[in-house]
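I have placed the structure first, in the form of structure tokens, so that the comments after it can refer back to it.
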Amino acid sequence: MFKLSNRLSLIKPSATFKMMGLAKELKAQGKDVIGLGGGEPDFDTPEFIKDAARAAMDAGDTKYTNVDGTPALKSAIIAKFKRDNGLEFKPEEVSVGTGGKQILYNALMATVNKGDEVIIPAPYWVSYPDMVLLAEGTPVIVDCPAETQFKMTGAQLEAAITPKTKWLIFNSPSNPTGAGYTREDLKELTDVLLKHPHVWILSDDMYEHLVYDDFDFVTPAQVEPKLKDRILTVNGVSKAYSMTGWRIGYAGGPAALIKGMKNIQGQSTSNPSSISQAAAVAALEGDQSFMGEWVKAFKSRRDLVVKLLNEADGVECHTPEGAFYVYPSCAGAIGKVTPSGKRIENDEDFVTYLLESQGVACVHGAAFGLSPHFRISYAESEELLTDACQRIQVACGALTGEVAAA
Ligand code: GLU
């Protein structure tokens, strides 16, 4: 009989994609659903980027490329790292993959041996621990609750490091909390890392450009250049250029690591789409001024959802520094009872209740390793967000302290 691999039993389906799929399915059935589950900007990909893709197709740019990226895209990435982060890379220190996700996967598959530990601050993006598990590593989760603004301290990092630690996965601004590490926050971590030369740093900078209120984005290799030869700096065009479907992620790091990642990619997916790569060149080299408008819109949406969510009974929402997520606590709803008599035991029950009663799709905190919370992606119009938050207020207001009499 056909049997799936043991490896598959180590992981679960991506909770973000599961929720996005469910919301789409319900909408297709004609249900009135607002999908705030997936992290995807609602803006269209800018026209000049699409033009570059059309031009690439017309020019016959439709064949295999170098496995880890075209020379043109690598050169655009090198210029981006220099311009935005003050980092210098050579072409052999740059890799392009099918989304940031594949870059992370390649890096872990190329480096992690059975039993190697990977430190992951929680809340974390849903795919980090599962990728580590697929690579036969051991995720070491460090709880970073709301009380410490969802950020890991130097002392926490120090305590988590063992002789088996291979990587720290660092993500700022964070998916799912939007928390951003200041230079000082980050220096605290890099000071610890300097003392432990066997630990490498995987910095996921995917939300670099989406920061608000004059927050100053910094990346580990910038804060501590002495660590640069053990840092992989990961980024991509998905969020900043609204190009999620184009699937282009990239990284800069030590040549030996980049070569290992290329081998993994060469034996799995080969090059990312040639057309998407041409579009990414245009994105990185083109006029970046549209981004200012997007950031303004995101900030205003953030302020709106934070305000409206804080008005919902039992919900407490912080104001994040970046990304397009909020990660409110729903502690005040746990233990309460829905109008249909179901007790809310945990954050998964809570998001199920929001979806079933009000048609609002978001992702439960347990999927990101910190409960009781839920993640809302506010990359939607203010109109839709207002509607969604009002529905959440209604749902929360309908919860009671006791099981309704039958
Ligand atoms: N990164 C986005 C999210 O967290 C897209 C889905 C995924 O890759 O998980 O929602």
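Only heavy atoms go into these numbers, but all of them, side chains included; no hydrogens, no water, no symmetry mates. Every number for a ligand or one of its atoms is a count from 1 in the order of the listing.
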>> More than 12 heavy atoms of other residues, nucleotides or ligands under 6.0 Å from NZ of K63: yes or no?
In response: no
One line per pair, note the atom names and distance for all nitrogen or oxygen contacts under 3.5 Å between ligand 1 and the protein.
from: ligand 1; atom 1: 1 (N); to: K239; atom 2: NZ; distance (Å): 3.2
from: ligand 1; atom 1: 4 (O); to: W125; atom 2: NE1; distance (Å): 3.2
from: ligand 1; atom 1: 4 (O); to: N175; atom 2: ND2; distance (Å): 2.9
from: ligand 1; atom 1: 4 (O); to: R375; atom 2: NH1; distance (Å): 2.9
from: ligand 1; atom 1: 8 (O); to: K101; atom 2: NZ; distance (Å): 3.0
from: ligand 1; atom 1: 9 (O); to: T16; atom 2: OG1; distance (Å): 2.6
from: ligand 1; atom 1: 9 (O); to: W125; atom 2: NE1; distance (Å): 3.0
from: ligand 1; atom 1: 10 (O); to: G39; atom 2: N; distance (Å): 2.7
from: ligand 1; atom 1: 10 (O); to: R375; atom 2: NH2; distance (Å): 2.8

> For W200 and T111, does a side-chain donor sit closer than 3.5 Å to a side-chain acceptor?
Replying inline: no
>> List the residues meeting side-chain hydrogen bond (donor to acceptor under 3.5 Å, both in side chains) with K114, not counting sequence neighbours, and say none if there are none.
In response: E136
>> K101: which residues meet the salt bridge (Lys or Arg N to Asp or Glu O under 4.0 Å) condition with it, sequence neighbours left out?
In response: none
>> Holding to salt bridge (Lys or Arg N to Asp or Glu O under 4.0 Å), I want the full list of residues that pass it with K24, two or more places apart in sequence or in another chain.
In response: none
> Under the 3.5 angstrom rule, does the side chain of D130 hit a backbone N or O of K12 as a donor-acceptor pair?
Replying inline: yes
